[in-house]
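Scope of the values below: all heavy atoms of this structure, side chains included, with no hydrogens, waters or symmetry mates.
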Amino acid sequence: MFTQPLAPVGNNLVLSFLLAASPIIITLILMGVLRRPAWQATLGGLIVGLIMAIAVWGIPSSLAFASVSNGMVFSILPVMWIALSALFLFNIAIQTGRFDAFRMWIITHLPNDRRIMLVVLGFCFSAALEGVAGFGTPVAITSALLIMLGFPALEALTYVLIFNSAPVAFGGLGIPITVLASITGLPATTLGSTIGLQLAPFACLIPFYVMVLYAGWRSVKQLWPVLLIAGSSFAITMVVVSTWITYSLSNVLSSSISLVVTILFLKVWQPAPDPAYAIDETFLAQAPVQKGNWNGPHWQGWIPWIIVILVVIVWDSLHIAKIGATPVHWPGLDQQVFISLYQKPYAAVWNFEPLGTGTAILVSALLTALVTGISPQKFWAALKTTARQGWLAVITVALTIGLAFLMNYSGMTYTLGYAVASTGVLFPFVSVFLGWIAVFLTGSDTSGNALFGNLQVAAAHQLSLDPVLFASANSSGGVMGKMISPQNITTGVAVTSLKGQEGVVLARTFKHSIFLTLLMGLVVVFQQYVLR
């Protein structure tokens with residue numbers, strides 16, 4: 001059995017930390033500085049990771065490659081199975097004209113103001129999709145819609161990535177919190193309530209924050225009522241549901257109420273028209289350039305999204321995902337690594353769920369095809385388009401999660417965590433960066449909680465701090481890493497003209513990711529030292 005070393009470089013934790021972080025640094029430099037495509041950046045990070053894991057951390061090569069293969073298989077099912085199914089639903093909506101119908105419904109029922117549309121779609125609508133699918137698909141779908149409304153591709157993708165941070169911790173019907181509770185042994189309801197309180201200020205802040213980035217302070221002064229309604233309705237619902245109802249429905253209900261309340265509010269209040277942000281009538285006459293122009297009732301544009309939300313909720317309520325689920329103990333890796341930090345063997349179990357969330361979304365796509373009466377030719381076209389959009393994302397995500405699993409099993413990730421947990425009095429401020437690192441690597445708040453949830457609790461006990469607060473901080477800090485995750489960015493660019501320019505997107509979002517994570521650190525410090 002391989003025992004993970006925590007400080008393999010001369011027993012020096014600082015040097016060990018720097019070498020453990022080298023695959024992440026290389027990936028960030030290749031993407032954000034050298035502007036290489038995401039698959040090249042993550043491949044470079046994986047190569048450096050293999051060198052460090054084998055030569056410095058001393059993991060046998062057989063275990064190293066077994067961990068990479070385990071991560072790559074996990075990346076396909078369930079991660080990319082969910083993303084590809086959601087992209088297929090998106091392409092069916094395009095081929096049947098329902099995506100165009102949805103665009104026309106937005107144009108008809110909202111003020112002719114791109115700033116308003118950015119808030120309603122980029123924040124409220126995207127959050128609803130995050131509650132159902134996640135893994136970058138809300139970013140892809142919402143960005144495509146904003147582009148059809150006249151936004152430049154880079155702006156649309158950047159702003160939706162930033163908006164997408166607030167709902168992540170409660171995404172997928174609260175699965176990140178469910179996993180965090182099972183890993184730490186802490187009550188899921190208490191964790192959900194604490195995370196809701198941590199994220200509530202950001203739900204209120206982010207509409208204002210993005211509006212400053214997009215249109216400046218002048219637009220904030222013009223639009224502050226709708227920004228306040230969108231953010232506060234989301235935040236208040238999130239706190240109420242996560243505290244007094246059930247955390248699993250927090251994101252679905254928060255985003256749905258925020259969407260409905262914001263649209264209704266715009267029926268009684270509208271900003272003064274600003275020609276600088278109006279959609280050009282010439283553009284509307286020419287768009288969309290995609291297939292599936294729609295001449296029927298605009299309300300039918302809601303059909304795909306209502307179907308997928310209802311199907312996923314029913315799927316989860318009936319526990320259909322558990323049917324046929326089989327745990328697969330990964331050959332040559334399961335129980336072959338000893339985690340020094342936790343003093344226990346490392347399991348390597350891939351949960352094969354043929355009827356998981358990805359299948360639920362696929363069923364939603366098929367139901368949408370049936371309800372909308374799609375022709376075989378258009379159905380086949382949607383399938384081919386999904387394959388063309390998704391194949392490079394599949395490779396990139398496989399490389400990214402392969403690296404994450406390698407760092408986990410070699411002990412590199414635990415060296416990072418151990419170093420951060422050793423910061424003593426500064427730990428309440430820097431703890432959020434543990435979740436940030438984990439979500440950057442895996443693209444998933446769920447995986448980030450599984451990775452560092454226990455470490456946060458152990459460090460909190462050692463420092464006589466609140467374990468619930470810091471387990472929650474892991475999840476809340478992780479959501480800020482979502483906007484720079486190669487997996488999230490790659491899925492987002494799949495449906496835009498930015499394919500191969502993931503580094504450009506990362507360069508645009510990185511500083512915002514760091515800034516918002518620092519703010520979250522201040523929130524955790526306030527909760528620990530002022531409120532407790």
Side-chain angles (χ1 to χ4, degrees), residues 17 21 24 28 130 134 161-171 174-177 179-181 183-184 186 191-203 205-206 209 235 238 242 247 251 404 413-414 416-423 426-460 463 465-485 487-488 509-529 531:
F17 174 87
I24 301 173
L28 288 171
E130 178 66 37
L161 280 166
I162 298 172
F163 271 133
N164 190 238
S165 56
V168 166
F170 293 98
I175 188 64
I177 296 172
V179 169
L180 182 62
I183 289 293
T184 61
L186 298 172
L191 290 169
S193 175
T194 305
I195 292 170
L197 290 172
Q198 288 175 340
L199 290 176
F202 291 88
L205 169 67
I206 282 179
Y209 185 81
M238 179 170 61
S242 63
Y247 69 88
N251 186 50
T413 301
Y414 292 100
L416 294 174
Y418 183 59
V420 171
S422 301
T423 55
L426 294 177
F427 180 68
F429 182 72
V430 301
S431 65
V432 293
F433 281 94
L434 287 179
W436 183 86
I437 290 170
V439 173
F440 166 78
L441 281 172
T442 64
S444 165
D445 202 44
T446 303
S447 299
N449 288 341
L451 185 60
F452 281 144
N454 263 336
L455 177 60
Q456 298 271 16
V457 170
L463 297 170
L465 301 174
D466 182 2
V468 171
L469 177 60
F470 289 95
S472 302
N474 191 78
S475 189
S476 297
V479 306
M480 305 307 174
K482 189 86 168 178
M483 69 183 78
I484 62 167
S485 167
Q487 171 194 304
N488 212 37
T509 58
F510 186 78
K511 58 181 176 292
H512 304 297
S513 177
I514 294 293
F515 176 68
L516 291 171
T517 307
L518 289 172
L519 288 185
M520 179 59 73
L522 293 176
V523 169
V524 173
V525 169
F526 181 78
Q527 287 182 308
Q528 174 61 48
Y529 293 127
L531 297 183

Item checked: Heavy-atom check, side chain of Val168 versus side chain of Val439, under 4.5 Å -> no
Item checked: Closest non-hydrogen atom pair, Ala438 against Gly448 -> CB-CA, 3.4 Å
Next item on the list: With the side chain counted from C-beta on, respond yes when Pro467 and Thr184 share a heavy-atom pair under 4.5 Å apart, and no when they do not.
Entry: no
Check: What's the shortest heavy-atom distance between Leu180 and Ala471, and which atoms?
Finding: CD2-O, 3.4 Å
Next item on the list: Report the residues that fulfil side chain to side chain donor-acceptor pair (under 3.5 Å) with Tyr418, sequence neighbours left out, ordered by chain and then residue number.
Entry: none
Note to self: Please give me the minimum heavy-atom distance between Phe427 and Ala459, naming the atom from each residue.
What the structure shows: CZ-CB, 3.7 Å
Notebook entry, point to check: For Ser472, which residues count as a side chain to side chain donor-acceptor pair (under 3.5 Å) partner, sequence neighbours excluded?
Noted result: none
Margin query: Distance check, rounded to the nearest 0.5 Å: Ser476 atom OG versus Leu516 atom CG?
Written below: 12.5 Å
Item checked: Value rounded to 0.5 Å, distance of CG in Leu463 from CG in Leu426 -> 10.5 Å
Notebook entry, point to check: Under 4.5 Å between any side-chain heavy atoms of Ile484 and His512, yes or no?
Noted result: no
Next item on the list: For residues Ser431 and Phe470, report the shortest heavy-atom separation together with the two atoms involved.
Entry: OG-CD2, 3.5 Å
Check: In Å and rounded to the nearest 0.5 Å, what is the OH to OG1 distance from Tyr247 to Thr194?
Finding: 13.0 Å
Notebook entry, point to check: Should Val523 and Val432 count as side-chain neighbours, where that means a heavy-atom distance under 4.5 Å?
Noted result: no
Note to self: Treating Ser165 as the side-chain partner and Val479 as the backbone partner, does any N or O pair qualify as donor plus acceptor under 3.5 Å?
What the structure shows: no
Check: Distance from Leu434 atom CG to Thr413 atom OG1, nearest 0.5 Å?
Finding: 10.5 Å
Margin query: Applying side chain to side chain contact (heavy atoms under 4.5 Å, CB included) to Val420 and Phe433, what does each step give before you reach the verdict?
Written below: CA-CA 8 Å; Val420 171; Phe433 281 94; 5.8 Å; no
Check: Got a sec, which residues hit ring pair (Phe, Tyr, Trp, His ring centres under 6.0 Å) with Phe440, two or more places apart in sequence or on another chain?
Finding: none
Check: With sequence neighbours excluded, what pairs up with Gln456 under the side chain to side chain donor-acceptor pair (under 3.5 Å) test?
Finding: Asn474
Checklist line | Contacts of Tyr414 that satisfy ring pair (Phe, Tyr, Trp, His ring centres under 6.0 Å) - sequence neighbours left out | finding: Tyr342
Checklist line | Phe17 CZ to Leu416 CG distance, which is reported to the nearest 0.5 Å | finding: 5.5 Å
Item checked: Interatomic spacing from CG in Asp445 to CE in Met480 - rounded to 0.5 Å -> 10.5 Å
Note to self: Does any part of the side chain of Leu197, heavy atoms only, come nearer than 4.5 Å to the side chain of Gln527, both counted from C-beta?
What the structure shows: yes
Next item on the list: Identify, with sequence neighbours excluded, every residue that meets ring pair (Phe, Tyr, Trp, His ring centres under 6.0 Å) alongside Phe170.
Entry: none
Margin query: Can you confirm whether the side chains of Asn164 and Glu130 place a donor and an acceptor under 3.5 Å from each other?
Written below: yes
Next item on the list: Please state whether the rings of Tyr209 and Phe515 are parallel, tilted or perpendicular, taking 30° and 60° as the class boundaries.
Entry: parallel
Notebook entry, point to check: Does the Asn449 side chain pair with the main chain of Pro176, one donor and one acceptor, at a distance under 3.5 Å?
Noted result: yes
